[in-house]
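Sequence lines set the chain letters: A, B, ... in the order given, protein chains first and strands last, and positions in each chain run from 1.
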Amino acid sequence: MRIATWNVNSVNARLPTVLEWIQAANPDVACFQEIKCVDEKFPREAFEDLGYNVETHGQKSYNGVALLSKFPLSDVRRGLPGDDADEQARYIEALIEAPRPIRVASIYLPNGNPIGTEKFTYKLAWFERLQNHARELLTLEEPLALCGDYNVIPEAEDAKNPAAWAEDALFQPQSREAFRALKWLGLADSHELGREPPGTFTFWDYQAGAWRRDHGIRIDFAMLSPQAADRFRAIETHRDARDMDKPSDHVPVVVDLDLEA
DNA sequence: ATGGTTGGAAACCAA
């Protein structure tokens with residue numbers, strides 16, 4: 001079972017790039033973030049033609065997440081529980097009906113900048129809701145992968161130049177603490193399971209030659225329940241995708257699980 | 001010192 005997560009930064013603006021990558025990587029499941037379109041505008045036929053079932057939780061202009069799967073999807077949940085007034089499309093979850101099923105979520109955590117504003121408050125509140133929901137899901141004691149753009153730099157080694165992020169919402173102590181709290185519930189970071197080296201980044205800004213100078217950060221993760229982590233086989237961070245034509249500012253992260261084991 | 005979206009210029013959002 002190959003599961004990928006990728007913040008595509010507009011699926012329609014980048015459709016040829018995304019299609020080229022997904023055909024080459026051939027994941028069983030793909031979690032997209034920042035599709036930046038409503039459900040009706042998602043180019044579902046292009047992915048269905050490649051053998052994917054498609055479920056989206058879209059929004060006009062901003063945010064929006066999607067789940068694509070070569071296996072049937074069921075038990076689809078759109079939106080993160082815990083705040084009925086939250087209208088931002090940042091969470092979709094489904095059961096992947098493979099021979100050995102796995103529950104997968106595509107997550108787009110709020111950015112939270114600038115700090116000291118209601119945006120940062122919203123980020124922390126969203127993190128707390130995610131903790132609460134993850135706690136519920138973990139009681140199922142089943143294979144589970146919470147994948148996406150977490151918009152947090154967990155450790156200094158997850159940035160080329162940590163000092164440059166000192167005042168940024170992504171590297172605030174409260175953001176990092178919230179991410180650790182999620183981990184300590186019992187979700188393993190695939191990056192650690194795979195022992196990827198420091199300097200394995202998933203995002204480089206479009207500006208100021210960040211890619212050319214490798215001024216990246218690691219903010220896209222595949223978090224695994226014990227039942228999934230036990231079957232972890234490999235992780236690949238597709239750095240080469242940052243050099244494609246019309247690249248996203250994020251690159252895909254791909255994990256392989258041996259669910260038959 | 002960019003790029004996407006909206007809306008038909010410049011503002012907002014991204015991280």
For this session: Tell me what Tyr108(A) touches on the nucleic acid: a base, only sugar-phosphate, or nothing, going by heavy atoms under 4.0 Å.
Result: sugar-phosphate
Seminar exercise, completed: For DNA chain B, the expected dot-bracket line (Watson-Crick or G-U under 3.5 Å, [ ] crossing, | inter-strand) is .(((((...))))).
Restricting to nitrogen or oxygen on both sides, can you table the protein-nucleotides 7-13 of chain B pairs closer than 3.5 Å?
| unit_1 | atom_1 | unit_2 | atom_2 | d |
| --- | --- | --- | --- | --- |
| dC13(B) | OP2 | Lys119(A) | NZ | 3.4 |

Exercise. Once you round it to whole Å, what is the distance between C1' of dA14(B) and CD1 of Ile153(A)?
Worked result: 14 Å
For this session: Nearest whole angstrom, please: distance from the P of dA14(B) to the CG of Asp168(A).
Result: 12 Å
For this session: Just jot down the side chain to side chain contact (heavy atoms under 4.5 Å, CB included) partners of Glu48(A), sequence neighbours excluded, or say none.
Result: Arg44(A), Glu45(A), Val54(A)
For this session: Looking at every strand, decide which applies to Asn7(A) at a 4.0 Å heavy-atom threshold: base, sugar-phosphate, or nothing.
Result: sugar-phosphate
Exercise. Quick one: does Met1(A)'s side chain get under 4.5 Å of Ile102(A)'s, heavy atoms only?
Worked result: yes
For this session: Check each residue of residues 235-252 of chain A for a non-hydrogen atom within less than 4.0 Å of any atom in DNA chain B, then write out the ones that pass by number, or none.
Result: Lys246(A), His250(A)
For this session: Mind calculating the distance between CZ (Phe201(A)) and P (dA15(B)) to the nearest angstrom?
Result: 17 Å
Exercise. Residues from residues 13-23 of chain A sitting under 4.0 Å of DNA chain B, heavy atoms only?
Worked result: Ala13(A), Arg14(A)
Acceptor/donor pairs from residues 138-148 of chain A side chains to any protein atom, 3.5 angstrom cut, sequence neighbours excluded:
| unit_1 | atom_1 | unit_2 | atom_2 | d |
| --- | --- | --- | --- | --- |
| Thr139(A) | OG1 | Glu136(A) | O | 2.5 |
| Glu142(A) | OE2 | Arg103(A) | NE | 2.5 |
| Glu142(A) | OE2 | Arg103(A) | NH2 | 3.2 |

Problem set entry | Phosphate-side-chain proximity, Asn151(A) and dA14(B), N/O vs OP1/OP2 below 4.0 Å | no
For this session: May I ask you to say whether Asp256(A) pairs ionically with Arg2(A), meaning some side-chain N is under 4.0 Å from a carboxylate O?
Result: yes
For this session: Considering just the side-chain nitrogens and oxygens of Asn9(A), establish if one lies under 4.0 Å of OP1 or OP2 belonging to dG4(B).
Result: no
Exercise. Expressed in angstrom and rounded to an integer, what is the separation of Asn12(A) atom CG from dT5(B) atom P?
Worked result: 7 Å
Exercise. For atom C1', what is the distance between dA1(B) and dA14(B), given to the nearest Å?
Worked result: 15 Å
Problem set entry | Side chain proximity check, Ile96(A) to Leu73(A), heavy atoms < 4.5 angstrom | yes
Side-chain donor-acceptor contacts of residues 245-254 of chain A below 3.5 Å, not counting sequence neighbours, with atom names and distances?
| unit_1 | atom_1 | unit_2 | atom_2 | d |
| --- | --- | --- | --- | --- |
| Ser248(A) | OG | Asn7(A) | O | 2.7 |
| Ser248(A) | OG | His250(A) | N | 3.0 |
| Ser248(A) | OG | His250(A) | O | 3.4 |
| His250(A) | ND1 | Asp220(A) | OD1 | 3.3 |
| His250(A) | ND1 | Asp220(A) | OD2 | 2.9 |
| His250(A) | NE2 | Asn7(A) | ND2 | 3.4 |

For this session: Find the distance Asp158(A):CG to dA15(B):P and express it as a whole number of Å.
Result: 16 Å
Name each donor-acceptor pair under 3.5 Å that joins a side chain in residues 180-187 of chain A to protein atoms two or more places apart or in another chain, with its distance.
| unit_1 | atom_1 | unit_2 | atom_2 | d |
| --- | --- | --- | --- | --- |
| Lys183(A) | NZ | Glu192(A) | OE2 | 2.9 |

Seminar exercise, completed: By ring pair (Phe, Tyr, Trp, His ring centres under 6.0 Å), Trp204(A) pairs with (sequence neighbours left out) Trp211(A)
Problem set entry | Atom pair distance, as rounded to whole Å: CG in Asn161(A) and P in dA15(B) | 19 Å
Exercise. Distance only, no hydrogens: is a donor on one side chain within 3.5 Å (strictly under) of an acceptor on the other, for Ser10(A) and Glu34(A)?
Worked result: no
Exercise. Between Ala208(A) and Glu34(A), who's closer to the 5' end of DNA chain B by nearest nucleotide?
Worked result: Ala208(A)
For this session: Take atom CD of Gln207(A) and atom P of dA14(B), then tell me their distance rounded to the nearest Å.
Result: 14 Å
For this session: Indicate, with yes or no, if the rings of His215(A) and Phe201(A) have centres closer together than 6.0 Å.
Result: no
For a quick test of your reading: what N or O donor-acceptor pairs under 3.5 Å do the side chains of residues 77-85 of chain A make, sequence neighbours left out?
| unit_1 | atom_1 | unit_2 | atom_2 | d |
| --- | --- | --- | --- | --- |
| Arg78(A) | NE | Thr56(A) | O | 2.8 |
| Arg78(A) | NH2 | Glu55(A) | OE1 | 2.5 |
| Asp83(A) | OD1 | Ala85(A) | N | 2.9 |

Exercise. With a 4.5 Å heavy-atom cut-off, do His238(A) and Asp240(A) have their side chains touching?
Worked result: no
For this session: Calculate the interatomic distance between Gln59(A) atom CD and dA14(B) atom P; express it in whole Å.
Result: 10 Å
Problem set entry | dG7(B) versus dG3(B) - spacing of their P atoms, nearest Å | 22 Å
Exercise. Among all residues two or more places apart in sequence or in another chain, which pass the side chain to side chain donor-acceptor pair (under 3.5 Å) test with Asn9(A)?
Worked result: Lys36(A), Tyr206(A)
For this session: List, by chain and number, the other hydrophobic cluster members for Leu124(A), where Ile, Leu, Val, Met, Phe, Trp and Tyr join if side-chain heavy atoms come within less than 4.5 Å, directly or indirectly.
Result: Ile115(A), Phe120(A)
Exercise. Does the pair Arg218(A)/Glu155(A) count as a salt bridge with the N-to-O cut at 4.0 Å?
Worked result: no
